[in-house]
Amino acid sequence: MVNVRDLPERELLYGHKACPGCAAGTVARLILKVTGERTFLAYPASCLSTVTSIYPQMAFAVPSFTAPFAATGAVLSGMAAAVKAKKMQDVTVLGIAGDGGTADIGLQAVSGAVERGDRILYVCYDNEAYMNTGIQRSSLTPYGAATTTSPAGKAGGAIGEKKFKKNLFEIMVAHRIPYCATASVANIADLLGKVAKAKDTDGPSFLHIHAPCPTGWGFAAERTMEIARLAVESGLWFLAEYQDGRVTLNYRPKEFIPVREYLKTQKRFRHLGPAEWNVIEEQRDREWAVISGRWEPAGREKA
Amino acid sequence: MQKPSINHSFQYPGSIGEMPSGPCADAGVLVEANAGWRVFRPVLDAAKCVKCLKCWLICPDGAIDRSGKDYAIDYAFCKGCGICAYECPTKSIRMEKEGDDVE
């Protein structure tokens, strides 16, 4: 657990150009507050690189490197090797990438990096599409979401994205790395605690963080944290962590709120009707049946 | 608040010859503010504020300054998204239209 009053006042990400209400800004800011100024940062082509490093501005106050899109994991491996060769102590090798840069384009590199067992912390902030280039679908775009490459329309009954979001957390758990977790900006204390655990892990660690995007999802900028909360409460996002060979579910809503209460808040789901809501609800229940059967329930260990 | 300050004396390169000659640059360099993005500005009522740190934690831009006696907002870098006002548990931040105070 992290006491928020002990977090440093110093801002290591400041003056960036992200859209108002961007959850990725909050995520990157808070992670750097936990890892501190002795952080080596790498990020691929993503919203985060576009909004922070526009010459001559550099919004990150830590040494940082813009990696090729597919290579964040490989770059982190290289940085970890350099840290080892230089015998540097007490530094964090941190990678922050989007969902496309992690689950699509960068999957091979991150898989290789964690498999090699380097001491790195890899963070995927998940805004559920390629937002920086204009909202194209990724493999983490949820069912029914309209994007520019999975448009919704009356003609032909296009419902937007036709496939369900893939489970990146389970892909990373399958690597049997020392620490792996999901988090959300809806629960800041949980998020900070997980970052601190990942930072102290002697070996590769991975965080998958749900980060709503006002521009791409179509909601008012002030509601970012509320949308994240609705996703958790409706069961469309789960908070879990994997360590010591077992997965723990950190939070399970007593009763899920209807998915339509989450879906109706966003423009990307506005075209959906009761038929699609049912499909999403059934998929959610299938997913949670698997989760409940395989993972340790919430409450066993205090989050 | 400990944060990079704006370097007002920065000169853009006048010709290709003055461009920096490598891919490296200094970190924490800011040459302009984001204040012009704002349509609504958050105004904090310090009497109602209980200093729970919520706005400071969730602000995407880190524009809440908690170093003084009362919390303050850095209007140079606040983009006016309104998350702080929306989430404030004591409703001590309200959003005011920019320019309403100008006659």
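Below, read A as the first sequence line, B as the second, and so on, with proteins coming before strands; counting in each chain starts at 1.
Residue contact with chain B, scored on non-hydrogen atoms closer than 4.5 Å, involves the side chain of A:Arg29 exclusively. Neither the backbone nor the side chain of A:Pro214 comes within contact range of chain B, judged by heavy atoms closer than 4.5 Å. For A:Val62, the part lying under 4.5 angstrom from a heavy atom of chain B is the backbone only. Neither the backbone nor the side chain of A:Val185 has a heavy atom closer than 4.5 Å to any heavy atom of chain B. Both the backbone and the side chain of A:Leu7 come within contact range of chain B, each with at least one heavy atom under 4.5 Å from a heavy atom of that chain. Looking at B:Asn7, neither its backbone nor its side chain comes within 4.5 Å of chain A, counting heavy atoms on both sides. Of the atoms belonging to B:Ala85, not a single heavy atom falls under 4.5 Å from chain A.
Looking only at side-chain heavy atoms (C-beta outward), A:Lys267 and A:Phe219 stay at 4.5 Å or farther from each other.
Checked for salt-bridge contact, A:Glu11 and A:Lys33 meet the test: a charged N lies under 4.0 Å from a carboxylate O. Note on B:Arg38 versus B:Glu96: no salt bridge recorded, every NZ/NE/NH1/NH2 to OD/OE distance being 4.0 Å or above.
Under the side chain to side chain contact (heavy atoms under 4.5 Å, CB included) rule, A:Ile209 has a single partner from A:Thr26, A:Leu191, A:Asp126, which is A:Leu191.
Most heavy-atom pairs under 4.5 Å with chain A: of the set B:Pro13, B:Ala25, B:Gly80, this distinction falls to B:Pro13. For the options A:Ala59, A:Pro63, A:Ala221, A:Ser53, heavy-atom pairs under 4.5 Å to chain B are most numerous at A:Ala221. Your options are A:Pro20, A:Ala24, A:Ser64, A:Gly25, and the one with the most heavy-atom pairs under 4.5 Å with chain B is A:Pro20. Ranked by heavy-atom pairs under 4.5 Å with chain B, the list A:Ala23, A:Cys19, A:Gly15 is led by A:Gly15.
In this structure, B:Arg41 satisfies the cation-pi test against B:Tyr75, with its NZ or CZ atom closer than 6.0 Å to the six-membered ring centre and inside 45 degrees of the ring normal.
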Does the pair A:Lys194 and A:Glu241 meet the rule for a salt bridge (Lys or Arg N to Asp or Glu O under 4.0 Å), with working shown? CA-CA 8 Å; A:Lys194 284 170 175 170; A:Glu241 63 184 337; 5.4 Å; no

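Checking side-chain atoms of A:Thr141 against main-chain N and O of A:Glu128 turns up a donor-acceptor pair under 3.5 Å.
The aromatic ring centres of A:His210 and A:Trp217 sit less than 6.0 Å apart.
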